[in-house]
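Inspection log for the structure reproduced underneath, given as structure tokens.
FYI, side chains are in, hydrogens and waters are out, and symmetry mates aren't considered; it's all heavy atoms of this structure.
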Amino acid sequence: MQPEQAQKVEDNSVVTITEYDDPRLDIFTRLSEVQLLRYREPELGIFLAESPKVIERAMDAGYEPVAFLTEKSAFREDEQRLCARFPKIPVYVAETEVFEQMRGFQLTRGMLCAMNRKRLPSVAEVCAKARRIAVLWDVVNPTNVGAIIRSAAALGMDGVICTTDGSDPLYRRAIRVSMGTVFQIPWTIVDETCMRELKELGFCTVAMALQEDSVSLTDPVFAEKERLAVVLGTEGDGLPRDVINQCDYTVRIPMKHGVDSLNVAAASAVAFWELQ
């Protein structure tokens with residue numbers, strides 16, 4: 001490995017990385033999502049945010065960086081400004097050749113940031129001022145989780161609750177697909193007791209499911225509900241029967257041309273728009 005080259009940007013230590021196998025790149029390139037999540041067990045783990053815009057949204061939401069990694073040619077004024085917000089955090093700068101060996105290089109927009117996770121809020125905290133929330137029941141695909149959270153933020157939902165067997169909203173792909181809106185809307189991860197808690201908090205619960213007694217999503221009864229929780233199931237199997245039975249209503253999106261359902265992310269956008 002060539003000797004590192006160090007310089008200063010504001011008070012940050014800027015170190016040039018010249019080899020892909022440099023151990024300082026491990027958290028950016030070689031650790032799995034689960035390893036990042038458990039990085040400091042029993043303490044909270046870390047996650048990766050990519051692109052300056054997403055990193056800035058995370059910072060604005062109170063997430064603190066562990067280290068920055070930026071492509072040398074992309075280390076311009078805006079990137080330096082982000083790093084300067086946390087002057088004690090190391091900044092690793094690598095040539096394009098090093099970045100090109102990284103999986104997903106084309107999606108990084110030239111910058112990655114390892115960040116500390118925060119304590120997850122309770123259901124009551126997420127719902128404190130909420131009128132409309134989404135419940136993601138064991139949605140396991142991080143792409144769908146990110147897309148649903150983006151739709152929730154854009155279409156007037158006040159919070160998102162994910163169950164423990166689903167994908168983590170801070171997995172890299174979920175953050176990427178959400179375009180950083182995961183940092184702009186309250187969310188948490190809880191176990192299956194959340195349904196009971198939502199009822200206690202005064203929410204009318206609406207299961208998105210295909211069954212004979214389903215009510216149309218356009219039924220005016222939903223507009224009258226002061227607090228509404230939209231419950232969405234995992235890809236393919238949908239919601240378990242016991243969860244549907246716990247909900248106050250079962251709704252479906254009216255379909256045409258013999259189509260029976262939409263992808264869960266697409267269905268969520270339709271539901272959020274109609275029920276906001």
Side-chain angles (χ1 to χ4, degrees), residues 27-29 31-37 45-63 65 69-71 74 82 99 102-118 120-121 126 132-190 208 230-238 253 261-273 276:
I27 58 175
F28 299 103
T29 62
L31 297 186
S32 69
E33 298 281 16
V34 174
Q35 288 173 316
L36 292 171
L37 177 63
I46 60 178
F47 66 93
L48 294 181
E50 54 189 317
S51 86
K53 178 184 290 186
V54 171
I55 293 168
E56 185 166 33
R57 285 179 174 173
M59 289 179 177
D60 291 344
Y63 289 90
L69 174 63
T70 181
E71 185 184 2
L82 282 180
F99 259 77
M102 297 170 55
R103 183 177 59 185
F105 159 66
Q106 296 297 337
L107 299 171
T108 65
R109 305 296 195 276
M111 192 175 199
L112 288 167
C113 184
M115 310 191 87
N116 289 315
R117 286 174 174 263
K118 297 195 298 184
L120 289 173
V126 170
R132 298 289 186 268
I133 66 164
V135 180
L136 278 57
W137 197 274
D138 296 350
V139 178
V140 297
N141 187 320
T143 297
N144 283 334
V145 169
I148 293 169
I149 289 176
R150 185 176 182 182
S151 293
L155 299 174
M157 305 302 281
D158 302 310
V160 176
I161 294 173
C162 302
T163 54
T164 50
D165 287 338
S167 180
D168 192 311
L170 290 185
Y171 281 175
R172 183 173 170 181
R173 182 176 292 274
I175 296 173
R176 178 195 304 155
V177 174
S178 82
M179 292 297 292
T181 54
V182 67
F183 305 118
Q184 296 176 295
I185 184 171
W187 61 271
T188 193
I189 302 173
V190 295
M208 298 286 293
V230 184
V231 188
L232 299 141
T234 191
E235 305 83 353
D237 294 335
I253 299 170
S261 65
L262 297 174
N263 165 275
V264 64
S268 73
V270 175
F272 299 161
W273 172 257
Q276 65 180 310

List for me each residue that meets side chain to side chain contact (heavy atoms under 4.5 Å, CB included) alongside [X], sequence neighbours excluded, and say none if there are none.
X: K118; answer: Y63
X: P65; answer: M59, F68, F86, I89, C113, M115
X: L262; answer: I253, M255, A266, A267, V270

Validation row: [X], [Y] side chains within 4.5 angstrom (heavy atoms):
X: L112; Y: F28; value: yes
X: V190; Y: C162; value: no
X: F47; Y: N116; value: no
X: E33; Y: R173; value: no
X: R57; Y: T181; value: yes
X: V182; Y: W187; value: yes
X: P121; Y: P186; value: no

Exercise. Donor-acceptor pair, T70 side chain versus M111 backbone, under 3.5 Å?
Worked result: no
Taking all non-hydrogen atoms of both residues, which atom of [X] and which atom of [Y] are closest, and how far apart?
X: V230; Y: A271; answer: CG1-CB, 4.3 Å
X: A49; Y: V54; answer: CB-CG1, 4.2 Å
X: A114; Y: I27; answer: CB-CD1, 3.6 Å
X: L232; Y: S268; answer: CD1-CB, 3.9 Å
X: P169; Y: I189; answer: CD-CD1, 3.8 Å

Problem set entry | Candidate list L136, V140, N141, test side chain to side chain contact (heavy atoms under 4.5 Å, CB included), partner T234, passing option | V140
Of all residues at least two apart in sequence or in a different chain, which pass the side chain to side chain donor-acceptor pair (under 3.5 Å) check with [X]?
X: R117; answer: D168
X: T163; answer: D138
X: Q35; answer: S32
X: E56; answer: R81

Throw together a table of side-chain donor-acceptor distances under 3.5 angstrom for residues 144-161, partners on residues two or more places apart or in other chains.
unit_1: N144; atom_1: ND2; unit_2: E235; atom_2: OE2; d: 2.9
unit_1: S151; atom_1: OG; unit_2: A147; atom_2: O; d: 3.3
unit_1: D158; atom_1: OD2; unit_2: R131; atom_2: N; d: 2.8
unit_1: D158; atom_1: OD2; unit_2: R132; atom_2: N; d: 3.0

For this session: For Y171, enumerate each residue passing the ring-ring contact (aromatic ring centres under 6.0 Å, His included) test, keeping only those at least two apart in sequence or located in another chain.
Result: none
Seminar exercise, completed: The salt bridge (Lys or Arg N to Asp or Glu O under 4.0 Å) partners of D165 (sequence neighbours excluded) come to none
Exercise. Going through the checks in order, is the salt bridge (charged side-chain N to carboxylate O under 4.0 Å, His left out) test met by R176 and E50?
Worked result: CA-CA 7 Å; R176 178 195 304 155; E50 54 189 317; 3.0 Å; yes
Seminar exercise, completed: Interatomic distance, CG@L120 vs OG1@T188, rounded to 0.5 Å, equals 4.5 Å
